Amino acid sequence: MKSFTYERAATPAEAAAAAARTPGSRFIAGGTNLLDLMKLQIETPAHLIDVNRVGLNRIEETREGGLRIGALVRNTDLASDKRVRRDYGVLSRALLSGASGQLRNKATTAGNLLQRTRCPYFYDTTKPCNKRRPGSGCAALGGFNRNLAIMGTSEQCIATHPSDMAVAMRALDATVETVRPDGSTRTFPIAEFHRLPGDTPHIDTNLAPGELITAVTLPKPVRGYQTYRKVRDRASYAFALISVAAVIPKRGAGRLAFGGLAHKPWRVEAAERRMGDAREVAATVLAGARTTPQNAFKVPLVERTLAQVFGEAKA
Amino acid sequence: MGGALDVSRRGVIGGGAAAVAAAGIGGDEAEGQTPEPAVLMPVSMTVNGRPVSLRIDPRTSLLDALREHLKLTGSKKGCDHGQCGACTVLVGGRRINSCLSLAVMHEGDEVTTIEGLGTPEKLHPMQAAFVKHDAYQCGYCTPGQICSAVGVLREIAAGVPSHVAGDLDDRPRVSVDEMRERMSGNICRCGAYSNIIDAMTEVSRA
């Protein structure tokens with residue numbers, strides 16, 4: 001691991017200001033992804049700003065009838081919260097399908113959104129990767145790409161976003177609140193938070209340098225059967241091949257977001273008018289898919305998983 | 001025991017690992033640069049009920065602080081990337097991967113390692129159950145398995161749901177399916193899983 005200096009911030013604004021003051025700095029909260037990457041020298045921050053003591057660790061009800069989740073709420077605590085289990089089951093289930101118990105006890109809401117891809121070539125520093133070293137090429141295109149993206153890809157990058165939590169938040173139309181180094185705040189609809197790779201796959205999100213996530217807000221609950229179906233190579237503790245976050249009302253349009261397909265949680269609202277028809281929904285969601293011989297299986301897998309989810313919702 | 005040959009396995013392992021850690025923590029020397037002297041930082045925490053104060057390189061993981069600085073070599077380094085669970089300890093009563101946490105991030109925290117759960121004379125019930133049910137072979141993953149198992153039973157008692165929950169509103173109960181799911185972050189190369197579940201089941205009924 002490369003050397004770095006370390007400080008503890010006392011408030012969110014202080015943390016953002018410290019980031020602007022110190023080139024090459026990173027915020028650290030749970031650290032479960034950042035330290036992993038620092039050990040491999042994929043991330044080499046010169047300075048770490050520990051934000052674990054800035055507050056932001058509560059879940060509060062909003063005046064609009066939703067929930068405001070502090071950036072530092074741990075994955076275990078968010079999944080266990082009574083209101084989340086009752087009104088946002090898709091989110092609780094998505095969190096519980098991710099990582100291990102030990103990791104969920106450390107990992108935070110904001111850190112989960114900011115996870116880097118698990119593309120094997122991003123992790124392998126002996127191979128070209130445009131996300132790790134812009135302009136070096138993409139070893140995944142002609143390499144082992146069974147679990148990589150089929151939607152929204154570019155010639156530069158076919159990485160997927162690994163989060164389960166973010167997929168559920170996309171289905172729930174969450175918003176991400178931030179503070180910038182000058183102290184000003186803003187919000188992103190979650191749809192506009194993560195980016196597609198395009199020509200800049202090294203930039204995962206639309207956050208500005210030094211901008212700190214302070215909270216994620218859920219709008220008031222939507223009625224319907226909620227579930228998160230994750231298909232993976234092992235029964236537990238594995239990243240998704242594909243996943244579906246679903247809110248399915250008795251009749252009418254629902255909500256569907258997908259993991260394992262793209263560089264961000266994937267959602268096509270036009271498909272949600274055909275709830276119940278797995279073939280139609282899958283065809284609309286996957287329009288324009290670009291597959292490789294190794295990951296083409298994701299196309300029928302989406303349809304079959306939807307068929308299962310729709311069947312459960314009816315039962 | 002005594003005299004010139006009184007060299008314990010633990011002493012050799014502890015000393016050897018510390019020497020390696022001191023020589024190459026940054027791994028940058030091979031690139032021909034002069035390594036910068038680390039700026040040491042103070043950190044104080046409670047480990048197994050005892051207050052400890054350290055001055056350490058901020059790069060030091062909680063695991064390395066426990067093993068190399070405090071000589072608590074019960075917690076093991078397997079993958080060092082949070083994938084195997086051998087480094088599992090309890091912080092504030094909750095299980096975490098000590099390899100994926102910096103020691104300096106634990107100012108004021110209460111850390112419990114396998115050495116703090118019980119002693120050879122007075123085993124923690126989970127330790128005793130692991131012995132009784134033969135819940136290990138080589139033993140390398142065992143300290144992490146036991147700390148994790150203690151954390152799992154606490155999480156179930158506290159009502160933390162799991163991926164295998166039928167209804168999220170139901171209080172979770174100890175079952176084989178629940179324990180298997182919740183223990184998935186602890187890998188056992190010897191395959192003692194079924195006996196680990198037996199040990200946990202016994203403790204959960206006590």
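The structure presented is a predicted model; accordingly, all values stated were derived computationally and were not measured. We name chains A, B, ... by the order of the sequence lines, and we start the count at 1 in each one. Only this structure's heavy atoms are used, side chains among them; waters, hydrogens and symmetry mates stay out.
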Quiz item: Applying salt bridge (Lys or Arg N to Asp or Glu O under 4.0 Å), which residue pairs with at least one partner in residues 146-173 of chain B are found, sequence neighbours left out?
Solution: R95(B)-E155(B)

Practice problem: Side chain from CB out, backbone as N, CA, C, O: work out which of these in D50(A) comes under 4.5 Å of a heavy atom of chain B, or both, or neither. | Solution: side chain

Exercise. For R223(A), look at atom CZ and say whether over 12 heavy atoms of other residues, nucleotides or ligands are found less than 6.0 Å away.
Key: no

Self-check item: Spacing of E181(B) atom CD and S100(A) atom OG [to the nearest 0.5 Å]
Solution: 10.0 Å

Quiz item: chain B heavy atoms under 4.5 Å from L34(A): which part of the residue, side chain, backbone, both or neither?
Solution: neither

Exercise. Any chance you could measure D36(A), atom CG, to Q83(B), atom CD, to the nearest 0.5 Å?
Key: 6.5 Å

Self-check item: Nearest atoms (heavy-atom pairs only) where R59(B) meets F4(A)
Solution: CG-CE2, 3.4 Å

Quiz item: Are the side chain of K106(A) and the backbone N or O of S101(B) linked by a donor-acceptor pair below 3.5 Å?
Solution: no

Self-check item: Interatomic distance, Y228(A) atom OH to H163(B) atom NE2 [nearest 0.5 angstrom]
Solution: 10.5 Å

Quiz item: With side chains defined as the heavy atoms from C-beta onward, is the minimum distance between L100(B) and L103(A) less than 4.5 Å?
Solution: yes

Self-check item: Which portion of M105(B) sits near chain A, non-hydrogen atoms under 4.5 angstrom
Solution: both

Practice problem: Please flag which part of A94(A) lies under 4.5 Å from any non-hydrogen atom of chain B: side chain, backbone, both or neither. | Solution: neither

Exercise. Output the option from L96(A), L95(A), I28(A) having the highest count of non-hydrogen pairs under 4.5 Å with chain B.
Key: L96(A)

Exercise. Could you pull out all residues at least two apart from T76(A) that satisfy side-chain hydrogen bond (donor to acceptor under 3.5 Å, both in side chains)?
Key: N105(A)

Exercise. For chain A, find its close neighbours in residues 182-194 of chain B: heavy-atom separation under 4.5 Å, sorted by number, or none.
Key: S184(B), G185(B), N186(B)

Practice problem: Supply the atom-to-atom distance R104(A) CZ to I96(B) CD1, rounded to the nearest 0.5 angstrom. | Solution: 15.0 Å

Exercise. Determine the minimum heavy-atom distance between P161(B) and R85(A), stating which atoms define it.
Key: CG-CD, 3.8 Å

Quiz prompt | Side chain proximity check, R94(B) to D77(A), heavy atoms < 4.5 angstrom | solution = yes

Quiz item: Is the CD atom of E110(B) crowded by more than 12 outside heavy atoms at less than 6.0 Å?
Solution: no

Exercise. With a 4.5 Å heavy-atom cut-off (strictly below), which parts of residues 130-149 of chain B touch chain A? List them by number.
Key: S148(B)

Practice problem: Tell me, out of V164(B), T88(B), V104(B), V152(B), who's got the most heavy-atom pairs with chain A below 4.5 Å. | Solution: V104(B)

Quiz item: Would you say R232(A) has more than 12 foreign heavy atoms packed within less than 6.0 Å of its CZ?
Solution: yes

Quiz prompt | Non-hydrogen side-chain atoms of L102(B) and L35(A) separated by less than 4.5 Å | solution = yes

Exercise. Tell me, for R53(A) versus chain B, whether the close heavy atoms (under 4.5 Å) come from the side chain, the backbone, both or neither.
Key: side chain

Quiz prompt | Nearest heavy atoms of R93(A) and A165(B), plus distance in Å | solution = NH1-O, 3.1 Å

